[in-house]
Each structure stands twice: as structure tokens, then as C-alpha cells.
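Read through the structure below, which is laid out as C-alpha cells, and then see the notes.
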2 protein chains.
Amino acid sequence: MSGKRRETRRRAITAHDVAAMAGGSQSAVSRSFTPGASVAPTTRARVMDAAAALGYRPNLIARSLITRRSGMIGVAMGNLHNQIYPVMLDRLARDLAAQGYSILLFPAPLDGEADPEMAQIMRYQPDAVVLAATSVSSALAVECRAAGLPVILLNRTSLGPGIAQVSSVTGANMAGGHEIGVLVAEAGFHRPAFLAGLDHASTSLEREAGFRAGLAERGLSVHLRANGNFNERDTRAAMFRLLSHRDPPDMVFAASDQMAMVAMDVARTEFGLRVPQDLSLIGFDDAPAAAWPTYNLTTYAQPVADMVAATIGLLMDEIADPTSPPRQIVLRGHLILRGSSRLSSTHDGCEAL
Amino acid sequence: MSGKRRETRRRAITAHDVAAMAGGSQSAVSRSFTPGASVAPTTRARVMDAAAALGYRPNLIARSLITRRSGMIGVAMGNLHNQIYPVMLDRLARDLAAQGYSILLFPAPLDGEADPEMAQIMRYQPDAVVLAATSVSSALAVECRAAGLPVILLNRTSLGPGIAQVSSVTGANMAGGHEIGVLVAEAGFHRPAFLAGLDHASTSLEREAGFRAGLAERGLSVHLRANGNFNERDTRAAMFRLLSHRDPPDMVFAASDQMAMVAMDVARTEFGLRVPQDLSLIGFDDAPAAAWPTYNLTTYAQPVADMVAATIGLLMDEIADPTSPPRQIVLRGHLILRGSSRLSSTHDGCEAL
DNA sequence: CTGAAAGCGCTTACAG
DNA sequence: CTGAAAGCGCTTACAG
């Protein structure tokens, strides 16, 4: 009768089955599962009993076709090897689950264009999209938003045209870099170096800009600069160049903890330097390993929990009203002074920025 | 006319719109997007032109309702703080994407029961489920499989009843532990300790069993044992207990690299021990940080790429034919001798196991 | 409070 | 090769 393919995947239990068992209509079953719908309590009870007996749960795919709400949030994430991202993803997934949303994960390339794959994700009709990867173009983000699909950039901002047209949540990259720059200058360093990430990444650019501004305020400037590009290989090479320089740096500020840790390994192992006696190192993020005694890394801690909370807040607002104006949220973190740097904590921060 | 709610989310472009523009039926549009469907090349060309002009892409939610294939794979993952899991997830996501599948991510609790949340995921009708967390019960896995939903356990096996009813992919935990046990005994250690993970986790149990067997073959046994439970706090406490013992271990084999690294930090920082002169440390996984010079950790490398490939292979087989018998795949890795342990590499492996 | 009916956007026999 | 029609499993006006 039902000329099924040879698969034995048994036909799923539907609302009709429950209706038959409970002695009601399919509509009644649907209403019983809809909070606030008008059903007699006795009817709902009968339906729920039947549903429990049959193991019925409404099919969310079918529901989303009619409600135009999938309950899924597309998340694009590139560099899962940088500890801070799994930490964010974990938090995001748990907090979204608490609100009844699920994550459709989209692995973005580390470099290059991710837009085609991104378009594929949209075919699943996510209720919103979180972009925590640099490889999805700002242009696409702007386009999504124009089409009424909420987009939140997490730990990045949009550069270029349309910059203010899409929402973002970031740590205080500029302020953090600035605070570090000021402290470094005040601590008496003379040859500060910046270990940059990818040059098109807002995180790296903003941290560098803040760092340079902070140094400049105290009459210092970046002595050396090299690109680690947020990956291990380039970071190692960059550190080799910096430390092989005829006039090597006395401190290195890395655009991420992940790079700072690789930098420390190179300094210690390949150049026999003591940290912080011979070289001070500072990172950014407060990745879990930064606190491990072996690294004991001075770093500007990003407020991950707050960032995720803000992301979800924006998400919910924009889902509720797609016309709500985009917002750029910048959340202050705090500097954590650890043993990898000779720095005093006397500085009182820089509220001015 | 179309009494939309106040949201301005503009009506999506559908196959009807494309049909109207291309001058054909909605069926023709659908066929044009279905590889191998019978459409005249000229018709398909007209449709594709119109689709491109309108920016149309078939709605996968609607498609999956009728095809009963969602193209989504549910992935339950618990401990994203253990580096090996993000690495696996990244690989899994990229390899699945290459086959046209997307990941619906489900953050499993680190301990306790994840079954209710798991049931929620199933409402999205995933084509299969990958469980890489210990908190989803084997009972649920068996149940899914009975219902025709393919389930693959990744980096864990099913314990208890129904053990052979669900597919799994693991590294050679037993063989790896065994190889380490034999080498440790041959290297002349006298007081080996085992730093265990969660006692209900198959990974920890199998690695321990192998280790004990290897030691026993050479007339040695585990001198001390403590539970780190795969988290930092318990691991630190466990190491304090082991190293404070009146007769402390001369080597520690940890059930994961993540624990081994915490153990190394405690040994060095809190007890002033030199590694490996005063204490040898061995881990399991070959997490990225294990190779970093600071840790330079001897470890049994899990073949992550192979494990992911095998998982996808099983997935595809079981999706194609849900009646195909479950398989348990165990993939050999290899021991990587690094500086954290005094071990010789003369041992020739243990093919017998 | 309830059921019959329309419809979400597709795929797929079915009959030309 | 093509179009009209049924139907995937739901939600939601609509009329009782």
C-alpha cells in the first residue's frame, strides 16, 4: 500500500496516530502541544497520554515549514584550533539550548572565501546566523541582513562598506591593546614588538591600533612587527624573525593567546630565553591554557560569557523584529597580570578610550 | 492580501516564482534542481537562468519533509575543553560538508544524563547521530538504532546490555595502553601510577585495562591510581594526592593528554619536580598542545582523521541501509616518544593484542 | 472548545 | 519531456 523503498525505517508516529488513539482530531493534538492554544484541559490530558504511550513528539521540520521559524541558528566558525573558539561555541550552544534553539554548525575555511558554503546553510532557513569567522565576507553579512535574516558578528566587526549595517559583539580590543601599550611603556620597555594575526581580521587590527596608541601616548612606538596569522607555522616563523633580529624586542604583544603560547615555546626552546627575565610576553583572550602554570600568560581577558549573552540578546531582538537597527556591542574585559611579563599593575586603566 | 505579521521578513522566493519567470511549471523547476531528473536541457537552462536572476535556492526544510532526508547529522559532544574534541569536530564538520551534510550540534552535559536534550535533537529528524560524549546513555543509543536511526559512537564504546547493537569508532585504547605498560616496565620504572578519567568512560577504562595488562606481562602492577575525571580541578587534586604519597610514583600515565598536561603543571610548579628526570609523564590522544615544546608530551596518538573517515563511512552505510549490522571499528594509532618520559623505543609493539 | 480545510515549499508517481 | 495533483507533518484561520 505505502510502496516504501526497501529501507525499513519505520514510519514515524504522527499527530494523526495520536489523534486516532486519543479520540480527537489532528488539530486537537497540535493544539495540545502549543502552549497557550485553546484546548480543554481534559482533551489535552487525553492527547498527552496517547502521545506518551506512542512516543510521539511533534516533527520540528514540519512545524518550521509552516511557522517559518526553524529554531536553528547557523554558526560559522573558522579556527577551532584556537581554544577561545571552542570555549565560545560551547557556551553559545548551551545558552541557546536553554532558549530552545539548536546550532547548525558551519566550518568556515581559515582563509579564502566562505560565502558559497554559507549560502548552503541558509537553505536550511536558520532563524539567524552568527559569524565567528573572518572568512565570511562582510558583503554577505550585509546581504543577509537586507534579506531580513538577522546576522551577528561575534568576535569580529565588519570592515569596509556597510560597516554599520550589521550587528557585532566584540571584546574591547582597542581599549585592551591601549591598556597594554600604556603599561608596557610605563614599565620601561624599549623595543616592543607586535605579533599580528591575519591582516584582514578586525581583532588583530584593533588590538594593534590600541597598542600603538597606548605606546605613543608615552612616547614609544612599535619596534618590530611580524605576522603570525593566527596559525602555528606562521607564528613560529614570525618569532624566529623577531628574535633573530640584530636588535631583538624586549617584549612581544601577540594578537591572541594561542600565538603568545607558541611564541613562548619558540623563545624558550629555540632561543634559550627566560620568560620574563629575557623577554616579556603578553597575549589576548585569556584562553584556558593561558592560566596554566607552564605558560602563566599575562593577557587581556575577553568576557566570553558576557559576549555570548550579548550575542543571544541581539539575536532574540532581531528575530523578534528584523527591522530593529543593528548594534555594535563592545564589552570591556580586564587585564590579567601573570608571570610572563614584567609589568606593574599600578596603572589605573584608561577609561578615556 | 497575504496578511503577514508585522515582520518585514520578505517572502522567500519559491519554485513557483521561478516557474512564472521561466515560463514553465513548478515541477519543471524542481526537476531542474534534481540531478538525473528527466528535463529537457533547454528547459533546465531557462529555469537555471531564472533562478539565478531571482536568487532562488530550493528550501531544504521543505525538501526534507517529503524526501525524509534532512541532510543533517546530529552530533553530541560533551567536553569541548579537551582539545581533541574540537579537533575531531572540525574534521567531522569539514568532511561531512564535503558530502553535502551539515552538523546539528548538541552540547552534552559533562556528567549526568543527556537523554532528554538528545530527544529534542531527534525532533529535527537528523539522518544519523554521532555521539562523542559519555553522557548520552547507551540505552538511548540502542533505542535510536532500533527505531531505524543510525547511531555511531565516536571515541567511546557502548557498555552494558546491547553493547554490540550500536556501531562505534575508537582508537586502539587497549592496545595503546598495553604498549605503554610494556614500555614502562621495560624502562625500569617501579612505581607507575594511573591517572584515570571518569570511571564510566570506556576510553579511560580501556586504556587502564591495557596499561595494567602490559605492566603485568612484565611482572609489574599499578602502584597508585587516582581519578582526574577529565577535568582540571579533579586532575589537580588527584596529582596532589599522588605526589604527596609517602611513596610517590616515578611515572604517571594519564588517560588523556589534557590531564597529562595539567599533571605536568602540578608536578613542576607545585612540587618542583623536573620532567622527566624526577617524574615521567605519558598521555593519550596527541592533542595539539602535546607537541608544543613546553609540554613535549609522550603520548599515544589517536588517528583522528581515520576515525572521522571511518565514522562517516559507517554513517553513509547505515543511512543507505538501516538494517546493516552495527560494527565496532578500532583504529590503531601510534606511540609518539617525546621528552616527557624516559622511555626507549626498542620495543617492537604488541601485535598480539 | 472543536474539527475540517487550507497551505508552508517542496518531490514524485501518474497520465499524457 | 511535461504539468496537474497528491502528499510530507505540521499550524492556524475559519466556522461552528
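Fair warning: this is a prediction, and the values are worked out from it, not measured in the lab. Quick note on labels: first sequence line is chain A, next is B, and so on, each numbered from 1.
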Out of [options], whichever nucleotide has its closest atom nearest the side chain of [X]:
{"X": "B:Ser25", "options": "C:dC10, D:dT2, D:dG3", "result": "D:dG3"}
{"X": "A:Ala40", "options": "C:dC8, C:dC10, C:dC1", "result": "C:dC1"}
{"X": "B:Ser38", "options": "D:dC1, D:dG9, D:dT11", "result": "D:dC1"}
{"X": "B:Leu65", "options": "D:dC8, D:dG3, C:dT2", "result": "D:dC8"}

Hey, what are the protein-to-nucleotides 14-16 of chain D N/O distances that come in under 3.5 Å?
none

* Answer with base, sugar-phosphate or nothing: what part of the nucleic acid does B:Tyr56 contact at a heavy-atom distance below 4.0 Å? => sugar-phosphate

* Name the nucleic acid region contacted by A:Ser64, choosing base, sugar-phosphate or nothing; use a 4.0 angstrom heavy-atom cut-off, strictly under. => nothing

* Could you go through the side chain to side chain contact (heavy atoms under 4.5 Å, CB included) check for B:Ile103 and A:Leu104 one step at a time? => CA-CA 6 Å; B:Ile103 282 183; A:Leu104 197 58; over 6 Å; no

* Asked: Which ranges of DNA chain D pair up as stems, where a stem means three or more consecutive Watson-Crick or G-U pairs with both distances under 3.5 Å?
  -> C:1-3 with D:14-16, C:5-12 with D:5-12, C:14-16 with D:1-3

* Side-chain donor/acceptor of A:Arg31 to backbone N/O of A:Ala40, under 3.5 Å -> no

* Asked: Are the side chains of B:Met122 and B:Leu149 in touch, meaning some heavy atoms are under 4.5 Å apart?
  -> yes

Nucleotide [N], atom [atom2] - distance to [atom1] of [X] in whole Å:
{"X": "B:Arg44", "N": "D:dC1", "atom1": "CZ", "atom2": "P", "result": "10 Å"}
{"X": "A:Gln125", "N": "C:dG9", "atom1": "CD", "atom2": "P", "result": "9 Å"}
{"X": "A:Arg69", "N": "D:dC10", "atom1": "CZ", "atom2": "P", "result": "20 Å"}
{"X": "B:Leu60", "N": "C:dT11", "atom1": "CG", "atom2": "C1'", "result": "13 Å"}
{"X": "A:Phe33", "N": "D:dG9", "atom1": "CZ", "atom2": "C1'", "result": "13 Å"}
{"X": "B:Tyr124", "N": "D:dG9", "atom1": "OH", "atom2": "C1'", "result": "15 Å"}
{"X": "A:Asn59", "N": "C:dG9", "atom1": "CG", "atom2": "P", "result": "17 Å"}
{"X": "B:Arg46", "N": "D:dG3", "atom1": "CZ", "atom2": "P", "result": "8 Å"}

All N/O contacts under 3.5 Å from nucleotides 5-7 of chain D to the protein, with atom names and distances to one decimal?
none

* Does a donor on one side chain sit under 3.5 Å from an acceptor on the other, for A:Ser167 and A:Glu318? -> yes

* Consider only side-chain N and O atoms of B:Asn155 and B:Tyr85, and report whether a donor and an acceptor are under 3.5 Å apart. => yes

* For D:dT11, does either OP1 or OP2 sit under 4.0 Å from a side-chain N or O belonging to A:Arg68? -> no

* Does A:Thr14 make a side-chain N or O approach to OP1 or OP2 of D:dC8 shorter than 4.0 Å? -> no

* Asked: Quantified in whole Å, what is the P atom distance between nucleotide D:dA5 and nucleotide D:dC1?
  -> 23 Å

